[in-house]
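Here's the structure we're looking at; comments come further down.
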Amino acid sequence: MEWSFRSAEELAAALRAGDVTSVELTDEAIARIERDDRVINAICVPDFDRARAAARGADQARARGEDRPLLGVPVTVKESYDMAGLPTTWGMPQHRDHVPAENAVQVSRLKAAGAVVLGKTNVPLGLQDIQTFNEIYGTTHNPWNHDRTPGGSSGGSAAALACGFGALSIGSDLAGSLRTPAHFCGIYAHKPTLGLAATRGMVAPPAPALPVDLDLAVVGPMARTARDLALLLDVMAGPDPLTFGVAHTVALPPARHERLADFRVLVVDEHPLLATGSAVRAGVHRVADALVGGGARVERHTPLLPDPADAATLYTQLLFSGSVARFPVEAYEQLRARAAGLRGDDRSLDAARLRAMVFSHRDWIEATNRRELHRHGWRQLFAAFDAVVCPITPTPAFGHDHHPNPLERRIDIDGVEYPYFDQLVWAGLATMPGLPATAIPAGRSSEGLPVGVQLIGPMFEDRTPLRLAELLEQKIGGFQAPG
């Protein structure tokens, strides 16, 4: 029997029943990686010897009567997480020899839950791209079409899951880095509520692994089923044991509803600043039809939705002001000169990006105050709705584009070109206010590429979009293996 595409839940049940051993699962996963990953290039740092040792330990623990949520289940970890004894480079050549001595909090939680870590998955340079390539490890390809990207920055993890290289993976999300690869590769991912899962040890080298509260970024689970997302989120959720974890634990509330017919859902497929491609629009409509068919209350418009154009500009400001904060002084001065040359009436996202790169602290404080107004708007919306369905990006996976200056790249949406980073507006809809969002498969394009949508839910009610994802999986189907 082949186990590689079974869910983590199924593998855990088979291990408990004695139908398979962790050693057998691990050997099968390693054999698949050694056979297929030469083309995909998802696993950039294999850790097979330690994985086999961990699998033997899991089987011995089970023989002693132990049971843990992921005991003996093979998984992968995004390269950006610290793992003791393995390089953590974030794809940056100058840090190719950076080897942490301690595990990230989430790696420790995976191992405490009994997971067998097969290795680390590829990332883009500095995690700052919607693709996955770097000078150290090369390019990761989309399993559905090798000329296309698997997305970024958790592209290696998404490609690994689509290829059957482990049952689960952990990634991170600042600009759709969990959701976009899931959408491009036909898998599931969950961006948790900001602050729900501890991030210590998911830090760019050579910075120390400190328990820092991040402004936009989160860490989260990736899987091939919605139920597996919930399983892994339960392992990941909780404050850092060095800070709030001293006094607090997490008890997420249950989903608002158990039946599809009880959900109130807002469906949005248009953005005022960016076109939505026909393939993605069709995916949104397919999900909307399934919701209606299941008896859910579905609406297409509401005055309660915080202004998407203002949200996109605000997200752009927060994202790019943070991304260049450590640029050299000379580069900052050049950016400031360029920003000064902008027309006063230029309200494009390109202009917002450039202005944000030279934000003052006063500018940033003003932006964070505006964010609080948006958060309050979302609270009011979620008094009337349980979830929002919308795109993740405007297109399916696009072709590899390694132009050295991302600001000069373009994204083609049904024959019309837009600035490359404009496609982040949909990811930012949930990221800017810190809301949970679950990426689910929603069919395939006419070219056979996966198409996904995101289900945005109320803050700290992560089980609501996860439950809706599970119900939709039952209604419209879920992951399908490439080929």
Side-chain angles (χ1 to χ4, degrees), residues 1-17 19-43 46 48 51 55 58 69-78 110 115-119 121 140-146 150-151 154-171 178 181-190 221-232 397 438-444 448-452 469-470 472-474 476-483:
M1 178 181 293
E2 187 174 69
W3 298 94
S4 294
F5 287 100
R6 298 292 188 92
S7 69
E9 187 178 46
E10 290 172 321
L11 295 183
L15 286 162
R16 291 187 185 103
D19 295 335
V20 69
T21 67
S22 181
V23 167
E24 290 170 333
L25 294 179
T26 301
D27 283 343
E28 181 181 305
I30 291 171
R32 178 174 286 274
I33 293 168
E34 291 177 336
R35 185 190 72 200
D36 296 342
D37 201 39
R38 286 173 291 182
V39 175
I40 301 300
N41 192 34
I43 310 296
F48 296 159
L70 302 177
L71 186 58
V73 176
V75 306
T76 60
V77 169
K78 187 175 180 177
L110 270 182
V116 173
V117 180
L118 299 165
T121 59
T140 299
H141 303 284
N142 192 305
W144 291 85
N145 182 330
H146 300 167
S154 306
S157 287
L161 284 165
C163 291
F165 304 161
L168 302 167
S169 194
I170 56 173
L178 284 160
H183 159 44
F184 285 179
C185 293
I187 64 157
Y188 290 80
H190 181 69
M222 307 179 79
R224 287 189 294 270
T225 72
R227 287 178 63 88
D228 276 1
L229 284 183
L231 174 67
L232 184 50
T438 305
I440 68 169
R444 293 205 293 273
L449 295 168
V451 172
E470 181 185 350
L472 285 167
E473 183 178 13
Q474 296 167 6
I476 64 175
F479 169 78
Q480 294 179 339

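By convention here, the first residue in the shown sequence is residue 1.
Judged by distance alone, with hydrogens and angles left aside, the side-chain atoms of Ser169 form a donor-acceptor pair with the main-chain N or O of Thr76 at under 3.5 Å. Checking side-chain atoms of Asp228 against main-chain N and O of Ala8 turns up a donor-acceptor pair under 3.5 Å.
Considering every non-hydrogen atom in both Ala469 and Thr438, the closest pair reads CB-CG2, 3.8 Å. Across Leu161 and Gly166, no two heavy atoms sit closer than the pair CD2-O, 3.6 Å. Residues Leu229 and Pro221 share a closest heavy-atom pair of CD2-O, 3.4 Å. When all heavy atoms of Trp144 and Ala481 are compared, the closest pair comes out as CH2-O, 3.9 Å. Closest non-hydrogen pair, Ala42 versus Gly156, comes out as CB-O, 3.5 Å. Nearest approach of Ala162 to Cys185, heavy atoms of both residues: CB-O, 3.8 Å.
Separation of atoms CH2 (Trp3) and CG (Leu11) is listed at 7.0 Å; rounding is to 0.5 Å. The CD1 atom of Ile43 sits 5.5 Å away from the CG atom of Asp37 when rounded to the nearest 0.5 Å. To the nearest 0.5 Å, the span separating CG on Leu168 from OG on Ser157 amounts to 10.5 Å. Between atom CE of residue Met222 and atom OG1 of residue Thr121 there is a gap of 8.0 Å, rounded to the nearest 0.5 Å. Going from atom CG of Leu118 over to atom CD1 of Ile33 covers 5.0 Å, rounded to the nearest 0.5 Å. To the nearest 0.5 Å, atoms OG (Ser154) and CZ (Phe184) are separated by 13.0 Å.
Within the 4.5 Å cutoff, the side chain of Leu25 has heavy atoms near those of the Leu15 side chain. Using a 4.5 Å heavy-atom threshold, the side chains of Leu231 and Leu70 count as touching. Side-chain contact between Val451 and Arg444 is absent, with no heavy-atom pair separated by less than 4.5 Å. Contact check for Cys163 versus Asp36: no side-chain heavy atoms found under the 4.5 Å cut-off. Between Thr225 and Glu9 there is no side-chain heavy-atom pair separated by less than 4.5 Å.
Residue Arg227 qualifies as open at atom CZ: its count of foreign heavy atoms under 6.0 Å is 12 or below. Summarising the local packing, CZ of Arg38 is surrounded by 12 or fewer heavy atoms from other residues, nucleotides or ligands at distances under 6.0 Å.
Checking Asn41, Ile40, Thr140 one by one against Pro150, the side chain to side chain contact (heavy atoms under 4.5 Å, CB included) holds for a single residue, Thr140.
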| Is there a salt bridge (Lys or Arg N to Asp or Glu O under 4.0 Å) between Glu28 and Arg6 once you walk through the steps? | CA-CA 12 Å; Glu28 181 181 305; Arg6 298 292 188 92; over 6 Å; no
| request: May I have the step-by-step check of side chain to side chain contact (heavy atoms under 4.5 Å, CB included) for Arg32 and Phe5, ending in yes or no? | output: CA-CA 11 Å; Arg32 178 174 286 274; Phe5 287 100; 3.6 Å; yes
